[in-house]
Amino acid sequence: MDWLNWHNVSLVLDNPATKWVLLAFGLVMPLASILTWMERRQSAMMQDRLGPNRANIGPIKLKGILHFIADAVKMIFKEDFIPGSVHRGLFALAPVLALAPVLIAFAIIPFGPTVYPHELGNVLHSVPLAGEAPNLTDSIRLQIFQVDFGLIFYFAVLTLANYGGTIAGWASYNKWALLGGLRSSSQMMSYEVSMGLALMGTFLVAGSLEPGYITAHGWNSHYSPANPLNWLWLPQLPGLLLFFVAAVAETKRAPFDIPEGEPEIIGYFVEYSGIRWGMFFLAEFIEIVFISSVITVVFFGGYQVPFLDEDGFRFAGTLAALPHWAVVAMQIGAFGAKVFLLCWFQLLVRWTLPRFRADQLMSLGWKLLLPASLAWIMITALGKLILMSAGG
Amino acid sequence: MSGRVLAAIAALFLVLGLVAAGTAAAQPAGGDAPSVTIQATPGAGVSTASRDIATGSGAGMAILFWALALGTVGGAAFVLTRRNLIAAVMGMVGTFLALAGLYMMLYASFLAVIQMLVYAGAIMVLFVFVIMVLNRPEDEPWGMVGLPGKALAGLAMLYLLVRLVMLVWSVNVPDTALVAPAAVAFPGDAAHTVYEFGSTAAVGTSLFSDYLFPFEAISILLLIAVVGAIAVARPLNDADELPGAQPPAPTGGH
């Protein structure tokens, strides 16, 4: 068992492929699956119904959480019906194009701090004690793809998700699906613009496009990033609101569910059945998780726990020291909790607001969100200019 | 579960696997240099050599290059051979994506994401949109058919090919040009470094210093294009509007 040491373990765990598998199957897929159940239960609670609560494996019931397993089994074994005149290749490609970009975009999300496996049992002092050099030779960075263009990569990949709905509508050879595809395409194009511009203010303030940098430094490197008042939600509150509205529109969910219109107007996936439809469905829920992750990372300090530095809780000058493993576990947990709360909030929005009309949707995007985001960039830039000239 | 569904799922995982391998290998040699080096935790001695799998061997980069080159050429060939316009557009998206990967290997990382965002994303979505709305392409206004037309087209293509090959052969790349660009400290923040070439900071610095005038001139040109498009698209007065563009007034008395 000579090979089983921290060096080799961190080599394996630091591999982007390993990290992607762990992130996708450990956090994203389970959360998205639970959300499919949670959405129905939450809507039921809000409408004074019971909702799905009966799926069970023998005596194990868990208030119906097992419904997502039943759903998955049903979708996989359901007949995969393909209408006669569809374009076969594009019909098969569309669900992949809807699902793959969202999963790829998770590469830039930092879901925890950098882990130093040799120091897991020790306190990682911010100023190393005399005679005790921490062993930092191996490290596991809990972010798959750390690049200086960070969040632009997200926008670049998510424009590809646009093809999913559009191609599905076109390949189905169905007038209603085609119209749904056009609605989806125009809506996603319109709101992508506001989405990007709404985050520009945060880039200006943070001085970087890299989500890990924004998380680890807060918006001002002189302040502790662990203080919730130093997170970007406070100085960038209008940017947060603009981004949230545009992002909900981008997920194509109520009140912006015109492309799908499941109950009555029929959307782009009307000809899809079985697991192919399931891929569109899963993509929508993964998008909810992803947008929550982006908002968490940019506006709510990512994995930062309030007042928890890398050596323990630091409050009013006193330090309650904690070992490295506890800090790491709490920070990963904090990231998951923040993402979960934001997912819950998006479900709440869906079951609270009625649907927009198509023309209202377009005028909201182009006549309100776009000018407002441009104005907010100008205001942020002006504020930064004043602060910079005052500071030096 | 039918074979086609299995094939679709397999295709999804193939795409994801390629991207995972790509993110592993696309970070060029030199460890974390192209990325922002984060020092949230004490001790700068974070080992970066082990971060990227393809750094040690040139074979990984070579395989990646050939895969991307095949993707570029294969996508273009797909565009030429498709009768179905939307399928052709998807081939073009593939070409643009593979090209973005090649840019990434050349350390032009900002250019690579902009290529994905603008070409593979925005412009090709507009292509799809226009094709879906128009649904049928116009016939060529004029064209030479038969053998003379083919011969002319073949000669023109041959000439273009010869000139391109001559150009490529004439470029002499010294070995010093193959070294990765150096990492420089980010202006105003010594704690993290970026590449002096191709990174967001480098592109931004040159756009707003050396090339400020062309940059501003192009933005005014684009503004003129936007204003022009709106002017062309909107009717001059209400009488010009197409009949039926307005919904018929409710007549009442149902």
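Here is how names work: the chains are called A, B, and so on, in the same order as the sequence lines, proteins then strands, and each is numbered from 1. Heavy-atom basis, side chains included; hydrogens, waters and symmetry copies ignored.
Ranked by non-hydrogen atom pairs under 4.5 Å with chain B, the options A:V21, A:L93, A:N162, A:L158 are led by A:N162. Each of A:L90, A:V157, A:T166, A:L182 has some count of heavy-atom pairs under 4.5 Å with chain B, and the biggest count is that of A:L182.
Defined by atom type and a distance below 3.5 Å, a donor-acceptor pair is missing between the side-chain atoms of A:N122 and A:H324.
Looking at A:S186, both its backbone and its side chain come within 4.5 Å of chain B, counting heavy atoms on both sides. At a 4.5 Å heavy-atom cutoff, the contact between A:Y163 and chain B is made by side-chain atoms alone. In this structure, chain A has heavy atoms under 4.5 Å from both the backbone and the side chain of B:V125. With a 4.5 angstrom heavy-atom cutoff, B:V89 does not touch chain A via any of its atoms. Of the atoms belonging to A:L160, it is side-chain heavy atoms, and not backbone ones, that fall under 4.5 Å from chain B.
A:M279 contributes atom CE, which lies 9.5 Å from atom CG of A:L97 (distance to the nearest 0.5 angstrom). A:F106 contributes atom CZ, which lies 9.5 Å from atom CD1 of A:I144 (distance to the nearest 0.5 angstrom).
Ring centers of A:F91 and A:Y272: under 6.0 Å apart, within the cut-off. Aromatic pair B:Y119/B:F96: ring centres closer than 6.0 Å.
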What verdict does the salt bridge (Lys or Arg N to Asp or Glu O under 4.0 Å) test give for A:R141 and A:D14, after you've listed the backbone C-alpha separation in whole Å, the side-chain angles of each residue and the deciding distance to 0.1 Å? CA-CA 7 Å; A:R141 186 183 65 205; A:D14 200 38; 5.6 Å; no
